[in-house]
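For reference, the structure is listed below as structure tokens.
Values below: every heavy atom of this structure, side chains too, minus hydrogens, waters and symmetry copies. Chain A is the first sequence line, chain B the second, and so forth, proteins listed ahead of strands; every chain is numbered from 1.
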Protein chains: 2
Amino acid sequence: MATTGSNLKLIHVKTACEACRVRELCLPTSLTEADISLVDELVVRREPLEKGDYLYRTGDDFRGLYAVQYGAIKTYGLTLQGREQVTGFHLAGEVLGLDAIDQEVHPCNAIALEKTEVCQLPFDKLEQLTQSLPGLSHNLSRVMSREILREQHVLMMLGGTTAEQRIVRFILNLQKRMAQREIMGHSFRFCMSRQDISNYLGLALETVSRQFTHLQEKQIIDIQNRHITILQPEALQKLAD
Amino acid sequence: MATTGSNLKLIHVKTACEACRVRELCLPTSLTEADISLVDELVVRREPLEKGDYLYRTGDDFRGLYAVQYGAIKTYGLTLQGREQVTGFHLAGEVLGLDAIDQEVHPCNAIALEKTEVCQLPFDKLEQLTQSLPGLSHNLSRVMSREILREQHVLMMLGGTTAEQRIVRFILNLQKRMAQREIMGHSFRFCMSRQDISNYLGLALETVSRQFTHLQEKQIIDIQNRHITILQPEALQKLAD
DNA sequence: TAGCCAAGTTGATCCAGATCAAAGAGGTTC
DNA sequence: GAACCTCTTTGATCTGGATCAACTTGGCTA
């Protein structure tokens, strides 16, 4: 319901393929070039979101899936108390909105953590296309399956571990996802606050800060504000286990 | 005494449908009777599993999805350390195996917690059928979407809560799922051990035991071994928030 | 029916991480 | 550049739940 005016401006793109990474990132299997361009034609691009803008809010009608072009989106829900619970961070090349397909209503809030551009894949049209493209249906299932698996990994990460392990695994996970997109080594920028990290990992904000400090003291990482450099990747990996 | 529509439907239907609840439980939308029987024809039934039998193990080839007929299945993964992490409990009427679609390999172990019968839905055949049944594809997406949502709720349940809240929410969740299938009020049997519960909730086994005792002392529940009766549903609900 | 083993309970102690408090560091806005 | 605000760090204290240990109960087998 409450979507800001600027978000409503939609721009249709013909040669979306190049601009929008839907092809390889969202639906990565054996479709022909021609098939892929059919999918690309569905894509609706949106005005870039500024930091703090909502892509959607809890209760909004489900219009389609979103693929992040650049930037980062945080999704979070509210518990009965009104406590905020971060459910995920979505970086460039990743999809969100899969959780809304069933009820056709978004069950959580999605907010931009920095300047972010997304493209929208209207789900009804995607399903129509499924009929003429047998492979597309399978692709969609794979994307959803991967999302289920991803959430299971989060559960595994949170279960039975110390604060240090959580932080370490979080860093490694983020680094891996960053590296998949852009060719950058062991140095990158956090798009989320300590607050968000602590909420996501089920720790106190202060604990997150302290753990970062400890890792820095051990010369395993270097953190300046939100910019991190992994100095000893092996040591970090070892701590994760 | 809310007998759901789906329960009534079940009674009307004979043959494969009746035995296997795939129709309304797994794929609950607008397919015609004829369509549904096409789906039912795919179903492969398996010999009942005894307690402790594995339905599949990590690394096994993905052959299809499974719908639990009766009984209960626990899924768990192993961390790098070899530590066991329970990722879910699957009761009668629920589906598992969705996490294997992407890699075509099961990423976790599935073991029966008691005598259990499942039916198998060969996924390749299901996808073939998708071509002739437009609605089926949508149904599948909905089932997967619901699974994604379910896992998000687990995250929300675990985040920022006390041991008591986790236990209470776990009880309520289980009760809800039990009640959906069988018409039973506030009394049911746990199919999993304290060990499994503690692992799933990220608590120590002893903590789980103590929390049960506390709730019993407060006369909110009554626990005899693995049989629980919720004496004060409102009080329990209140604790969950 | 006794004997055994796994599952569950209960008690005592300890510590990782929460909470409370306050000071520093960036980033905006005017 | 000053004022302001939010984010982050650091310190001190407290506590919920983990851990260690011993005991009880239930279920199974012979």
Could you check how far [atom1] of [X] sits from [atom2] of [N], rounded to whole Å?
| X | N | atom1 | atom2 | result |
| --- | --- | --- | --- | --- |
| B:I223 | C:dA7 | CD1 | P | 17 Å |
| B:F190 | D:dG27 | CZ | P | 16 Å |
| A:Q195 | D:dC7 | CD | C1' | 9 Å |
| A:I228 | D:dT8 | CD1 | P | 13 Å |
| A:R226 | D:dT6 | CZ | P | 14 Å |
| B:E164 | D:dT15 | CD | P | 18 Å |
| B:H214 | C:dT10 | NE2 | P | 9 Å |
| B:I167 | D:dG17 | CD1 | P | 10 Å |

For [X], report the nucleic acid contact type (base, sugar-phosphate, nothing); a contact means any heavy atom under 4.0 Å.
| X | answer |
| --- | --- |
| A:R166 | nothing |
| A:S209 | base |
| A:A163 | sugar-phosphate |
| A:L203 | sugar-phosphate |

(request) Report, as yes or no, whether the 6.0 Å neighbourhood of atom CD on A:E234 holds more than 12 heavy atoms from other residues, nucleotides or ligands. (result) yes
(message) Among D:dT10, C:dG8, D:dG17, which nucleotide has an atom closest to any side-chain atom of B:S193?
(response) C:dG8
(request) Please check if any side-chain donor atom of A:R177 sits under 3.5 Å from a side-chain acceptor atom of A:N173, or the reverse. (result) yes
Considering only nitrogen or oxygen atoms on both sides, find all protein atoms under 3.5 Å from nucleotides 20-29 of chain C and state each distance.
from	atom 1	to	atom 2	distance (Å)
C:dC20	N4	A:E206	OE2	3.0

(message) Please identify which of these residues, A:R169, A:R210, A:K218, meets the salt bridge (Lys or Arg N to Asp or Glu O under 4.0 Å) condition with A:E164.
(response) A:K218
(request) By nearest nucleotide on DNA chain C, pick out whichever of B:L205 and A:Q211 is the more 5' one. (result) B:L205
(request) Report yes if the side chains of A:E84 and A:Y76 come closer than 4.5 Å at any heavy-atom pair, otherwise no. (result) yes
(request) Would you mind reporting whether B:S193 and B:R226 have side-chain heavy atoms less than 4.5 Å apart? (result) yes
(message) Parallel, tilted or perpendicular, judged at 30° and 60°: which one describes the rings of B:F190 and B:F170?
(response) parallel
(request) Begin from the C-alpha positions of A:I221 and A:F212 and carry the test side-chain contact (heavy atoms from CB on, under 4.5 Å) through to its verdict. (result) CA-CA 8 Å; A:I221 61 170; A:F212 278 142; 4.1 Å; yes
